[in-house]
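These notes concern the structure reproduced below.
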Protein chains: 2
Amino acid sequence: MAKAPTVEDVARAAGVSRQTVSNVLNSPDIVRGPTRERVQRAIVELGYRPHAAARRLRTRRSSTIGVRLDPYAGGISGVVLDRFVHALTERASERGMRVLLYAARTPAEEIDRIGDLVDGGEIDAVVLTGTSHEDTRTTWLQERDVPFVSFGRPWRSDDDGAPAHPWADVDGAAGTRAATKHLLDQAGPRIAFLGWPEGSGTGDDRARGWSEAMSDAGHTGPRWHTEDSVGLARELVGSVLADDPVDGVVCVSDSLAIGAHLAATALGRPGLPVVGFDNTPAAEALGISSVEQLPEQVAAGVLDLLMGPTGNVVLQREAGQDAAYVLVEPRLVVRGAE
Amino acid sequence: MAKAPTVEDVARAAGVSRQTVSNVLNSPDIVRGPTRERVQRAIVELGYRPHAAARRLRTRRSSTIGVRLDPYAGGISGVVLDRFVHALTERASERGMRVLLYAARTPAEEIDRIGDLVDGGEIDAVVLTGTSHEDTRTTWLQERDVPFVSFGRPWRSDDDGAPAHPWADVDGAAGTRAATKHLLDQAGPRIAFLGWPEGSGTGDDRARGWSEAMSDAGHTGPRWHTEDSVGLARELVGSVLADDPVDGVVCVSDSLAIGAHLAATALGRPGLPVVGFDNTPAAEALGISSVEQLPEQVAAGVLDLLMGPTGNVVLQREAGQDAAYVLVEPRLVVRGAE
DNA sequence: TGACGAAGTTTGAACGATCAAATTATGCTG
DNA sequence: CAGCATAATTTGATCGTTCAAACTTCGTCA
């Protein structure tokens, strides 16, 4: 295999200078038509491909986004993140960006990793997943002026005005609201909500959608809480359902929905309408309705926030500038549970 | 934020030359003890971090591995790949390597992408997932001398001797063999196999494990086939189980196992022992036993094949050298189905 | 027609690291 | 203690690209 051609080789072949070749690549519009074509022909003929490292060294841009791959949780979810990363990779590639993974077990370790990658010039920006209250990572990133966007809201602040940093997320409340309306419409007025213990931003947000839809319709229903586990949900629903034969259950997750479904089936009510959240393969397999997040849209939103609507360079946020956000409406997938 | 320190700054601070600093970083053992310590102290004090792009440009190594993220299949699997990529990222990081994602919808597109990344010096090696018979990608990679390892066997060749290229995989036959033995032991002599249509390497391999275990034990059982779908499996098992009340079913996947379990439950045999494959969250949620792949070990194997047992540089394979492989034994996860 | 400004193109330098070769320091032997 | 081999360190060049500034070409208008 011969040595890869450089910009110099292309220049010689096209009878122009290095810089002109570089211009054809990076700002074609400032090169005169005939010259541009000549250079482009030479590029194709020689099979020239720019050397990323050299470009990065000179421009001090890596055109790469860092994403942490969360450790396998063992839970039922994961697909959402999976689809998100995939969509992010695709969309980024369309904008001339790459996605680099890194692994970390703790926030502190994650900060270390990001530091290495940023200082080493390996990444220009970071996409955080799974933000929590008072996230140490976000403050660190802000101090260091590292551009970033989170998949998930900075729950800490009250909803008043500008968020602490740019984020993209799925509108959980809208999802449960749609699910609740659907059940009210199809099943009956008494719809329960099966949620996580209070205090998680995501969980509370989804609970809100249910409670708003219920009071809008002028109905009421019980609200149950448990950890995110099929078994626990099954036990809980099994014991309360006997006394309170509700018309349907909106759940904060597919795990809980599956538990509820199994409990209902065991109690002789296999047809009890249950709606989960995340539309995981497990819910699909069991024919349980679910609210589907659209991580592809979140990914597009993340890139818009990082690079502007059309740019192909990561933007440095101005100091006083308000952080923007993107909120994606999820989609209710209706299935005839069996 | 002040300009990031370079090797030059460290050298000045430590009173040595650039090259010595470089040596401390890359081959510490050739630097005299006191000098080394002085340099290391300066590195820490200045917070020096090597600039990856400069290093890559000079060494012509990116220390990065490319991995294609498969598009979301919509099926029940995916977790295995997920865990694999995660483990690969972690292990790679321990060896000073990074993992870069790329997306592609077709093999041709994938080859294009890899070409860009390799020629651009962005990746040193590729990890392929989901190899098929007569894979166009593998031949292309071999022609171009791009180091690569596949997660999955090159099924094309007969088992004789050296494989066409290095690979790491899970021993499917061993998994179904263990599952079959377990059912023979616990449930009874008549164990069925529910598999995919013949012709897929993975599927046939798993079927082999069952049939070997059955003939070893001197027993027989029916073998059924269907596409990988919960619904189809349910129908199929529902219709054949009535006539042939087997003692248990070993399945080629969790989807099929779930279908079989649902069918058995519907026929009034909720306790029929069923074993799936992949140990997906869905199987876990339903309390179905499953053979768990150990993608973490596969990831370790992949890196060993790429970089040798301890190295931290991707090795170029010699022309005549036999391709090596790693076969990981999966683990049977027994659950009391309910 | 000549001068001027803008557009197009070229030239030299720089990004930050490592390689290869040259130089200096160290330890050992007779 | 000289002589020599080897270890330790330094120096100059280089990887391939883009930036900044200098230079050339071209069209336009006085």
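Here is the naming used below: chain letters follow the sequence lines, and residue numbers restart at 1 for every chain.
Remark: the Arg58(A) side chain and the dA14(C) base include a donor-acceptor N/O pair separated by less than 3.5 Å. Residue side chain Arg18(A) does not reach the base of dT11(C) through any donor-acceptor N/O pair under 3.5 Å, judged by distance alone.
Between the CD1 atom of Ile30(B) and the P atom of dT26(C) there is a distance of 17 Å, rounded to whole Å. Distance, Arg32(B) CZ to dA7(D) P: 14 Å, rounded to whole Å. For the pair Leu57(A) CG and dA17(C) C1', the computed distance is 8 Å after rounding to whole Å. What separates CZ of Arg61(A) from P of dC15(C) is a distance of 17 Å, to the nearest Å. One can place CG of Asp29(B) at 12 Å from P of dT9(D), the figure rounded to the nearest angstrom. Computed from coordinates, the Leu25(A) CG to dG16(D) P distance equals 16 Å when rounded to whole Å. In this structure, the CZ atom of Arg38(B) is 14 Å from the C1' atom of dT10(D), given to the nearest Å. In this entry the distance linking CD of Gln19(B) with C1' of dA7(D) reads 15 Å, nearest Å.
OP1 or OP2 of dT18(C) has at least one side-chain nitrogen or oxygen of Asn26(B) nearer than 4.0 Å. In this model, the phosphate group of dG16(C) is not approached by any side-chain N or O of Thr6(B) to a distance below 4.0 Å at OP1 or OP2. For Ser22(B) and dC19(C), the shortest distance from a side-chain N or O to OP1 or OP2 is not below 4.0 Å. Arg56(B) has no side-chain polar atom (N or O) that falls below the 4.0 Å cut-off from OP1 or OP2 of dG16(C).
The side chain of Val31(B) approaches dT9(D) more closely than any other nucleotide in the set dT9(C), dT18(C), dT9(D). Closest to the Thr20(B) side chain, of the nucleotides dT9(D), dT10(C), dT18(D), is dT9(D). Taking every side-chain heavy atom of Asn23(B) into account, dT9(D) is the closest of dT9(D), dT10(C), dG16(C). For Pro50(A), taking side-chain heavy atoms from C-beta onward, the closest of the listed nucleotides dT9(D), dT17(D), dT18(D) is dT17(D).
At a cut-off of 3.5 Å, with distance as the only test, no side-chain donor of Arg95(B) or Thr310(B) sits close to an acceptor on the other residue.
Taking the nucleotide of DNA chain D with the nearest heavy atom to each of Ser17(B) and Val7(A), the more 5' of the two is matched to Ser17(B).
Within 4.0 Å of Thr59(A), counting heavy atoms only, lie sugar-phosphate atoms of the nucleic acid but no base atom.
Residues Phe148(A) and Thr138(A) form a side-chain contact, since some pair of their non-hydrogen atoms from C-beta on lies under 4.5 Å apart. Here the side chains of Thr20(A) and Thr35(A) are in contact, with some heavy-atom distance below 4.5 Å.
A side-chain donor-acceptor contact under 3.5 Å links Asp9(B) to the backbone of Thr6(B).
Between the CG atom in Leu100(A) and the OG1 atom in Thr89(B) there is a gap of 8.5 Å [rounded to 0.5 Å].
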